[in-house]
Structure formats: structure tokens, C-alpha cells
Protein chains: 2
Amino acid sequence: MLDGQDMAAIYIERWNAAAEAGPAAPCPVRNVLDKIGDKWSMLLVMTLAAGPKRFNELHREVPDISQKMLTQTLRDLQRDGYVGRQVFDTKPPSVEYRLTPLGQSLIVPFGQLIEWANRSFDKIDAARADYDAR
Amino acid sequence: MLDGQDMAAIYIERWNAAAEAGPAAPCPVRNVLDKIGDKWSMLLVMTLAAGPKRFNELHREVPDISQKMLTQTLRDLQRDGYVGRQVFDTKPPSVEYRLTPLGQSLIVPFGQLIEWANRSFDKIDAARADYDAR
DNA sequence: GGTGAAGATTACCTTGAGGTAAGTGCATGC
DNA sequence: GCATGCACTTACCTCAAGGTAATCTTCACC
């Protein structure tokens, strides 16, 4: 089992390798982190964790997202292999999105992070209040 | 032990609660994810995982970052309680940054994610190549 | 023949993250 | 007395993420 510092080393190593290789070869870890940082990707992944959903069904469950961003985020997730898209030849055609095995495997470590965030956010809040008081 | 779907539920629940409460109360989970998504925060945290470092020492280890962003990112991390800042009254004064216990505790789940990213990036690459071929 | 749903695409605009470059105050080394 | 290192700060600029709103196509329904 690796500990925190080993993970740190992996990230830094990848980052530096990518930096040397130039902008053409972005850091693979950053690649994943960018997805996690963006506003909708992980919310959609988590919504799909409950099972496959259709386009408008997703839109109803995540009403804040615009149609444009829903389409675009789903395309990105599909391109990276997190989500599969299946068109059914009904009239009008319906489209179903579901997590791929890769997408499902992300839920495990990502979930740990959610759990940490959930456990820690009052400490963060306290730290902020403390900092802002000065 | 919670499974992936429970974590999903936590995130979605927090998100919706924040959405209802209005923009004044942002989602606590998003808060953490935003830090993870930004370009420098986690790279600095991981760099500090090896031990306390001074300002220019950090700058030397992460040469791509600008002074402005280094200062700003460190301030943000300090505000959220991830890093501590200690000034030594030497001449010229030297400043040391180190992870707090909170910062150290983040390394564990974040490290899991790094490990996942590291294991999975060739699958992602393959998915992209496949997608782009069409 | 007008309306509405499904699953998008397009043009346009705003905001903010992050980069560049220069300056600051102080002290030591040459 | 000039340059250099430390730890910043400030002004300015750029670019891309994401929002809004309108439009499209095909079919079913009334």
C-alpha cells in the first residue's frame, strides 16, 4: 500500500514529465483533475451513478445546467470513456446515457474525496472565519 | 463502509441544499472540488507533503508558477486551513509554509484519486483516440 | 395546420482565472 | 555603491469556461 507521500511523488513526477514534453503532452493526472474541477462533469457522473438516464431526465434531475452545457459535458465524458451513449430508434428517438466500467471505477476514489469533503467542511469553514477575522 | 452510490447521494444532496439556499451558501463539496480543480493548489499541497518549505524554495520546486499565483494560492490554502504560514524574524525575514493536520488528511483521499488517474489514463487515452477516430 | 416533446446546435456575451512585467523594502556580499 | 536574494504587491491583459436565448428536425396529437 502506498502512502500519501508516494502519491504526491506520482503527481509531481507526472507533472514534471509533462512540463518537459511541452504543451502538446498534458499531464495525465491534471487531465482527470480538470474533469473533477469543472462545474458539471462530476455532478453528472454522480447522477448517473444511480443508473442510466435519458437526456431530458438528466436535465430534470440537474435543472441548473443549461442544455448547451449538458450536451457539451456529456460529449466530453463520452470522449474520455466515462459515459456511454445509446440511441434507441423510437419516434422521436430517445437517447440513454450510462456510466461505463471506467466511469464506475472513478466513483470509488472520487467518493472517498466527497466523504472527506463532507467530513471536513466545518473545519474549513472555521479556518476561514478565523482567517477573515484577522 | 459506504459505497459509491452513497457518496453520490451525499454530493447531490449537498449540491441541491446549496442550490436552494441561494448563491450565498455555496456547496461545501464544490468548494473542495474547486481547490482540486485549480491549476496550482494541489500541486503545492503535494509539494508540501514532503515537508515544510520556504517561499522561494517552493518557487524553485514548481518553477512554472508565477510569483503572483504562488502568493495567491498559498493565501487561499492558508485561509481554508490547509497550510500554515510561519514568519521567522531573521534578516531578511524568512517565511515557512507547512501542511496543517487538515492539509495532511486531504492527502489520503486525494492520493487515492491520483493513483486512480495514474492507473486509468491509458484507458482514457484509448477512449479518446477511439472517439476521435469517428 | 398549429402545438409540443425529444435531443440537440448556434451565435453572442460576461466573468474571472491566470499570465506578464514591473516595482518595493531591506540586508548582505563584492 | 551596485547588484542580488527574499517575499511579496500592483497594474494590465488575454483567453476560455460557462451562461442566455434563439433555432432546428422529426414525429405525434388534437
Side-chain angles (χ1 to χ4, degrees), chain A residues 15 18-19 22-23 26-27 30-31 33-44 47-48 52-80 83-98 134, chain B residues 15 18-19 22-23 26-27 30-44 47-48 52-80 83-98 131 134:
Chain A
W15 178 283
C27 170
R30 264 253 56 91
N31 234 301
L33 299 189
D34 284 344
K35 278 259 138 33
I36 283 163
D38 96 32
K39 195 168 175 184
W40 303 113
S41 291
M42 287 305 116
L43 195 60
L44 291 180
T47 304
L48 287 174
K53 301 232 192 296
R54 296 178 49 185
F55 185 88
N56 282 327
E57 210 173 344
L58 272 170
H59 201 184
R60 258 175 266 123
E61 296 207 20
V62 187
D64 293 356
I65 196 173
S66 64
Q67 283 196 335
K68 175 193 159 183
M69 287 314 294
L70 181 52
T71 314
Q72 188 178 305
T73 306
L74 287 169
R75 287 292 161 282
D76 287 354
L77 290 172
Q78 197 192 339
R79 183 169 114 95
D80 282 10
V83 165
R85 178 179 189 265
Q86 193 175 359
V87 183
F88 294 97
D89 202 10
T90 55
K91 315 211 161 163
S94 65
V95 181
E96 196 181 79
Y97 295 92
R98 66 170 70 227
R134 277 176 279 129
Chain B
W15 178 283
C27 170
R30 264 256 55 93
N31 234 302
V32 173
L33 300 189
D34 284 343
K35 278 259 139 30
I36 283 163
D38 95 34
K39 195 168 175 185
W40 303 113
S41 292
M42 287 304 116
L43 194 60
L44 290 180
T47 304
L48 287 173
K53 302 233 192 295
R54 296 178 49 188
F55 186 88
N56 281 327
E57 211 174 344
L58 272 169
H59 201 3
R60 259 176 264 120
E61 295 207 21
V62 187
D64 293 356
I65 196 174
S66 64
Q67 284 197 336
K68 175 193 159 183
M69 286 314 293
L70 180 53
T71 315
Q72 188 178 304
T73 306
L74 286 169
R75 287 291 161 284
D76 287 353
L77 290 172
Q78 197 192 338
R79 184 169 114 95
D80 282 9
V83 305
R85 179 180 188 264
Q86 193 175 0
V87 183
F88 294 97
D89 201 10
T90 55
K91 317 215 159 158
S94 66
V95 181
E96 196 181 80
Y97 295 92
R98 67 170 68 228
Y131 182 92
R134 276 175 280 129

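All figures in this text were calculated on a predicted structure; none of them were measured in a lab. Labels below follow one simple rule: chain letters A, B, ... track the order of the sequence lines, proteins then strands, and each chain is numbered from 1.
- Applying the side chain to side chain contact (heavy atoms under 4.5 Å, CB included) test to B:Asp34 and every residue at least two apart in sequence or in another chain returns B:Arg30.
- Residues satisfying the side-chain hydrogen bond (donor to acceptor under 3.5 Å, both in side chains) criterion with B:Ser41, sequence neighbours excluded, are B:Asp38.
- Listed by chain and number, the residues in a side-chain hydrogen bond (donor to acceptor under 3.5 Å, both in side chains) with B:Lys53 amount to none (sequence neighbours excluded).
- Between the P atom of D:dA7 and the CG atom of B:Asp89 lies a distance of 13 Å, rounded to the nearest Å.
- Nucleotide D:dC6 holds its C1' atom 17 Å from the NZ atom of B:Lys53, rounded to whole Å.
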Contact string for nucleotides 8-21 of chain C, one letter per nucleotide 5' to 3', B = base within protein heavy-atom range under 4.0 Å, S = sugar-phosphate only, - = neither, reads BBBB------BBB-
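- Residue B:Ile65 comes nearest to B:His59 through the heavy atom pair O-CE1, 2.8 Å, listed as atom of the first residue, atom of the second, then distance.
- A:Asn56 has a side-chain polar atom (N or O) that falls below the 4.0 Å cut-off from OP1 or OP2 of C:dA6.
- Note on B:Arg54: a side-chain N or O is less than 4.0 Å away from OP1 or OP2 of D:dA7.
- With sequence neighbours excluded, the residues satisfying side chain to side chain contact (heavy atoms under 4.5 Å, CB included) with B:Lys68 are B:Ser66, B:Gln72.
- Between B:Leu70 atom CG and D:dC6 atom P there is a gap of 13 Å when expressed in whole angstrom units.
- Qualifying side chain to side chain contact (heavy atoms under 4.5 Å, CB included) partners for B:Pro52, counting only residues two or more places apart in sequence or in other chains: B:Glu96, B:Arg98.
- Phosphate contact (OP1/OP2 of C:dG7, side-chain N/O of A:Arg60, threshold under 4.0 Å): absent.
- For the pair B:Phe88 CZ and C:dA27 C1', the computed distance is 19 Å after rounding to whole Å.
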Using a cut-off of under 3.5 Å, enumerate the N/O to N/O pairs linking the protein to nucleotides 28-30 of chain C.
none

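- By the side chain to side chain contact (heavy atoms under 4.5 Å, CB included) test, B:Arg85 pairs with B:Arg75, B:Gln78, B:Val87, B:Val95, B:Tyr97, sequence neighbours left out.
- Looking at residues two or more places apart in sequence or on another chain, you find no salt bridge (charged side-chain N to carboxylate O under 4.0 Å, His left out) involving A:Glu57.
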